[in-house]
Amino acid sequence: QVQLVESGGGLVQAGGSLRLSCAASGRTFSSYVMGWFRQAPGKEREFVGAVSWLGSSTAYADSVKGRFTISRDNAKNTVYLQMNSLRPEDTAVYYCAAGGSWPAVSPYGYNLWGQGTQVTVSS
């Protein structure tokens, strides 16, 4: 079973950048679609982006298109989320997830989740 561990969160000023990483254990990383979701206090978990099994396809929420980039390195069992031009409304706990279908924009399309990493963007 794959286990996911996120890192890279923190506090950043509006307009700044952060790169999140999600390291996966196990030998089957490339058999999973990988996604990033976020959840702000009092709000539902929302889709941020996803990358296909070999990284050839990506999908993004409209709210982050042009600012965030998702990528993966199957040799390192790691998926990344590069976040640029951050806004206060990007403040949330960010989760990576592993699933089996494409494109999967619903949390129900993923069956493995990390513990989350906090991203706080100050104005």
Side-chain angles (χ1 to χ4, degrees):
Q1 177 119 345
V2 171
Q3 292 186 323
L4 307 175
V5 179
E6 301 98 333
S7 61
L11 174 64
V12 64
Q13 288 188 333
S17 298
L18 281 175
R19 188 175 83 154
L20 305 183
S21 299
C22 174
S25 63
R27 300 181 180 180
T28 59
F29 180 71
S30 61
S31 67
Y32 291 94
V33 169
M34 298 300 298
W36 284 96
F37 287 77
R38 65 187 182 187
Q39 189 166 18
K43 295 188 176 182
E44 292 186 353
R45 191 167 296 191
E46 67 171 353
F47 173 76
V48 175
V51 59
S52 60
W53 299 266
L54 299 182
S56 57
S57 296
T58 55
Y60 297 96
D62 287 344
S63 59
V64 306
K65 273 182 186 174
R67 300 188 299 124
F68 291 11
T69 303
I70 187 170
S71 61
R72 67 190 296 163
D73 185 337
N74 286 346
K76 296 183 178 179
N77 282 10
T78 303
V79 61
Y80 305 97
L81 183 67
Q82 177 67 44
M83 304 186 295
N84 298 329
S85 302
L86 282 161
R87 305 167 180 169
E89 54 264 38
D90 294 318
T91 295
V93 176
Y94 283 71
Y95 298 89
C96 73
S101 61
W102 179 266
V105 300
S106 166
Y108 298 104
Y110 298 83
N111 53 354
L112 297 170
W113 292 84
Q115 83 289 349
T117 185
Q118 176 70 47
V119 171
T120 303
V121 184
S122 63
S123 57

Output every pair passing side-chain hydrogen bond (donor to acceptor under 3.5 Å, both in side chains) with a member in residues 10-24, not counting sequence neighbours, ordered by first then second residue.
S17-N84
Is the cationic atom of R72 (NZ for Lys, CZ for Arg) positioned less than 6.0 Å from the six-membered ring centroid of Y32 and within 45 degrees of its normal?
no
Aromatic ring centroids of W36 and F47 under 6.0 Å?
no
I want to check something: taking the side chain as every heavy atom from C-beta on, are L4 and M34 in contact at a cut-off of under 4.5 Å?
yes
side-chain contact (heavy atoms from CB on, under 4.5 Å) against T91, all qualifying residues, sequence neighbours excluded:
Q118, T120, V121
Please report, to 0.1 Å, the donor-acceptor pairs under 3.5 Å made by any side chain of residues 103-110, with sequence neighbours excluded.
unit_1	atom_1	unit_2	atom_2	d
S106	OG	Y108	N	3.0
Y110	OH	A104	O	2.7

Residues at least two apart in sequence or cross-chain that pass salt bridge (charged side-chain N to carboxylate O under 4.0 Å, His left out) with E46, listed by chain then number, are R38
Quick one: list whatever passes side-chain contact (heavy atoms from CB on, under 4.5 Å) with Q39, sequence neighbours left out.
R45, Y95
Work out which heavy atom in S30 is nearest to a heavy atom in N74; give both atom names and the distance.
CB-ND2, 3.5 Å
Do L86 and Y80 belong to the same hydrophobic cluster, where Ile, Leu, Val, Met, Phe, Trp and Tyr are linked whenever their side-chain heavy atoms lie under 4.5 Å apart, directly or via other members?
no
SG/C96 to CD/E6 distance, rounded to the nearest 0.5 angstrom?
4.0 Å
Within 6.0 angstrom of Q3 CD, more than 12 heavy atoms from elsewhere
no
Flag yes if F29 and V33 sit in one hydrophobic cluster, no otherwise; membership is Ile, Leu, Val, Met, Phe, Trp, Tyr, and two members link when side-chain heavy atoms are under 4.5 Å apart.
no
Please tabulate, one pair per line, all N/O donor-acceptor pairs under 3.5 Å involving side-chain atoms of residues 49-65, not counting sequence neighbours.
unit_1	atom_1	unit_2	atom_2	d
S52	OG	S56	N	3.3
S52	OG	S57	N	2.9
S52	OG	S57	O	3.3
W53	NE1	S31	O	3.2
Y60	OH	I70	N	2.8
D62	OD1	K65	NZ	3.3

Rounded distance [0.5 Å steps], SG in C22 versus CH2 in W113:
11.0 Å
K76 and T78: which non-hydrogen atoms are nearest, and at how many Å?
O-OG1, 2.8 Å
Any side-chain heavy atom of V93 within less than 4.5 Å of one from T117?
no
M83: which of V48, T69, L20, V12 passes side-chain contact (heavy atoms from CB on, under 4.5 Å)
L20
